[in-house]
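Data first, discussion second: the structure below is written as structure tokens.
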Amino acid sequence: MTTRVRFAPAPTGFLHVGSARSALFNWLYAQSTNGEMILRIEDTDAALRKPEFIDAIVKPLQTLGITWDEGPYYQSQRQQFHVEAVEQLVESGHAYFCNLTREQADELAAEAGLPAGYHGWSRDKGLADSAECVVRFKTPDEGEIVIHDVIRGDVTFSCADLEDFVIRRSDGSPTFLVANAVDDADMNITHVIRGEDLLNTTPKVMLLWDALDFGEPPTYAHLPLLVNEKRKKLSKRRDDVSLMDFLAQGYLPEAMINHLALLGWGPPDDVEIRPIAEIIELFKLENVNKGSAFFDVTKLNHINGEYIRALPVEDFIDMAEPFVYGIDTEISWDKDNYDAAVFAMVAADVQQRVDTLAEIPRFIGWIFTKDVEFDVESKGFKKAIIKGKMVPEILDAMAERFATVEWNAEAMNAAVSAIGDELGARSQVPARVAITGTNAGIPLWDAAATIDRQIVLDRIAALRSLV
RNA sequence: GCCCCCAUCGUCCAGCGGCCUAGGACGCCUGCCUUUCACGCAGGUAACACGGGUUCGAAUCCCGUUGGGGGUGCCA
């Protein structure tokens, strides 16, 4: 039998890295078993039906290279099937109408001295349908439901703990529990792979599944949650989790995928950074971990850096293009001041120093801006300039010689080295700080020679005034 | 409160009863390379939550404790 999996997100705005990870694991499983993947949008709630939300799911998946064979299907468009299922459940006595609000149900519970929750208040009232009514499923009073989970083993719930849950809202729309059962059955889903936060809803879907007489249910696999540094479930409100935001910050899709694949799973041979084809080959659903995983940007940075460094330099230059003007960063400059040929010259040097493409401006800003800023509080500045030996003398000598030195890398470099030799001090670092604003960066002189002489002289003077 | 899940270095992963004086990766530290910073290379740091069993033998199996998390909606 062909395996069929589905990625079924609720459209709630941008795609979150946790959702991307769920999509990825579904995809990995489908790919590794030569199966099929379905994209299904879970928009049973009217508030979720916004076209822009669909784009926010589809585009990131496409960018990541996560493909699907069918869909997107919309649960909202399949509502008639869900409604029919609800009707069937009412007719077969598995469900009933209820006209209580949540507040009323809680009050009743309090009065009766029962724990909060719905205690089947309307079960035997024989209410007829009306505009205020919801439909609730009549959960069995006793017995157990066992979920066979590929990752977690058997998980047992007792029916007594399950309240009669709502399967159709008072506006007539069925809830996702019904939609889940009906659609998974109709679409011949064989494996439901999703986040652990949905584990508790599974017995309810199972109950519906049996009541609807759907036969053999799919196999379940609940993935460990992705958490923040406080070990809380990643949340859109608290955490930076927008997949597209990461890509916009210069993380490569391949690196992102690689990192995500390593959260909750690891290859048996300990080789972490590798092509997706190899990951597909090695991936085993039953080897997925149970414990939650911290989405660690530090590790992502490293992986991304490796991917960037592995790029042919021409590709790096192409990919750098959107980032190269320093838009939205602390360093930016006019497009007219940018010289693509100069960037191409230093690109290979930049490439091995950045972990994300958004860091590029930091390494080249001094070439295309007029003034540089000296971060006098930084450790590098203190070490190189404040504690450096004979810095004023070096700068004075530089100012003098750079006024007339032949304006090319070799001559400039030689002049500064000569100053160092004559004064018996390290002259290259102060020269670098004067010209670039910082003691760290790409090889200096080739790029420096592309800057106007007067600008360089002004920078030397500016630094001289600080020491 | 109730239900469910989880528990190996700070972090991610390996370990599926003997190969473990617990391995890899990130981070951090040291050294080498280097007229800067990186890259690269070589080292180092650091963990089986606790207590009981089972077994000739447990990080691995069972039970309990503790800790963490998820759910508890007419959201999904």
Side-chain angles (χ1 to χ4, degrees), chain A residues 8-12 19 42-45 47-48 75 98 100-102 105 115-118 132-136 147 149 151-153 155-158 160-163 165-177 179-180 194-203 222 224-225 227 229-233 259 261-273 286-287 289-303 305-306 309 349-355 363 380 383-384 413 416-417 420 426-433 436 438-445:
Chain A
T12 56
S19 303
E42 308 235 316
D43 58 348
T44 63
D45 189 34
L48 302 178
Q75 288 195 322
C98 171
L100 297 176
T101 62
R102 190 79 219 174
Y118 186 87
E132 302 87 60
C133 277
V134 299
V135 179
R136 287 184 180 270
I147 309 298
D149 191 289
I151 296 168
R152 279 153 222 287
V155 182
T156 306
F157 295 85
S158 55
D161 293 326
L162 266 21
E163 69 172 29
F165 52 93
V166 172
I167 59 175
R168 195 207 70 185
R169 305 180 184 90
S170 55
D171 69 359
S173 63
T175 60
F176 90 108
L177 296 164
N180 247 268
R194 23 117 93 143
E196 194 198 339
D197 49 347
L198 291 166
L199 181 55
N200 291 306
T201 70
T202 310
H222 287 92
L225 256 22
V227 298
E229 62 288 339
K230 293 193 176 120
R231 307 224 61 96
K232 304 277 192 200
K233 179 169 93 158
H259 179 238
L262 263 14
L263 261 22
W265 176 83
D269 60 5
D270 280 340
V271 179
E272 296 189 323
I273 297 177
E286 59 270 29
N287 286 351
N289 288 158
K290 301 182 180 92
S292 53
F294 172 45
F295 183 83
D296 189 357
V297 178
T298 308
K299 179 111 181 204
L300 210 210
N301 284 339
H302 172 258
I303 294 173
E306 294 275 318
R309 270 172 251 127
D349 292 322
V350 175
Q351 185 178 2
Q352 63 176 0
R353 286 173 173 75
V354 296
D355 280 339
F363 287 93
K383 187 176 173 218
N413 184 7
V416 168
S417 290
R426 285 162 62 86
S427 57
Q428 290 284 346
V429 174
R432 168 179 292 278
V433 174
T436 71
T438 160
N439 65 312
I442 59 174
L444 181 62
W445 297 112

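The sequence lines fix the lettering, A, B, ..., with proteins before strands; numbering per chain opens at 1. Only this structure's heavy atoms are used, side chains among them; waters, hydrogens and symmetry mates stay out. What you are looking at is a predicted structure, and each value in this text was computed from that prediction instead of being measured.
- Where Ser158(A) and Arg432(A) each meet RNA chain B at their nearest nucleotide, the meeting point lying more 5' is that of Ser158(A).
- In Arg426(A), the CZ atom is not crowded: 12 or fewer heavy atoms of neighbouring residues, nucleotides or ligands sit closer than 6.0 Å.
- Under the 3.5 Å distance criterion, with hydrogens and angles disregarded, no donor-acceptor pair is assigned to the side chains of Gln75(A) and Asn180(A).
- In this structure, Val134(A) reaches the bases: a heavy-atom distance under 4.0 Å links it to at least one base atom across the strands shown.
- Using a 4.0 Å heavy-atom criterion, one finds that Thr156(A) contacts the sugar-phosphate atoms exclusively.
- Counting non-hydrogen atoms under 4.0 angstrom, Leu100(A) reaches a base of the nucleic acid.
- Across all strands, Arg194(A) comes closer than 4.0 Å to no nucleic acid atom at all (heavy-atom distances).
- When heavy atoms are screened at a 4.0 angstrom cut-off, Arg309(A) is found touching the sugar-phosphate backbone but no base atom.
- Nucleic acid contact class of Gly264(A) (heavy atoms, under 4.0 Å, all strands): sugar-phosphate only.
- Looking at heavy-atom distances under 4.0 Å, Thr44(A) makes contact with sugar-phosphate atoms alone, never a base.
- The side chain of Arg136(A) sits closest to C74(B) out of C5(B), C74(B), A76(B).
- Listed for the Asp171(A) side chain is a donor-acceptor partner under 3.5 Å among the backbone atoms of Ser173(A).
- Residue contacts for Pro9(A): at a heavy-atom cut-off of 4.0 Å it reaches no nucleic acid atom on any strand shown.
- Out of C12(B), G69(B), C37(B), the shortest distance to the side chain of Glu196(A) is found at G69(B).
- Phe157(A) comes within 4.0 angstrom of the backbone, heavy atoms only, and of no base.
- Residue-level contact check: Gly441(A) touches the bases, meaning some heavy atom is under 4.0 Å from a base atom.
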Tell me, for nucleotides 24-30 of chain B in 5' to 3' order, what letter each nucleotide earns: B for a base near a protein heavy atom under 4.0 Å, S for only sugar-phosphate near one, - for neither?
BBSS---
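- Looking at heavy-atom distances under 4.0 Å, Asn413(A) makes contact with a base.
- A donor and an acceptor atom sit less than 3.5 Å apart, one in the side chain of Arg353(A) and one in the base of C37(B).
- Here Ala10(A) lies in heavy-atom contact (under 4.0 Å) with sugar-phosphate atoms only.
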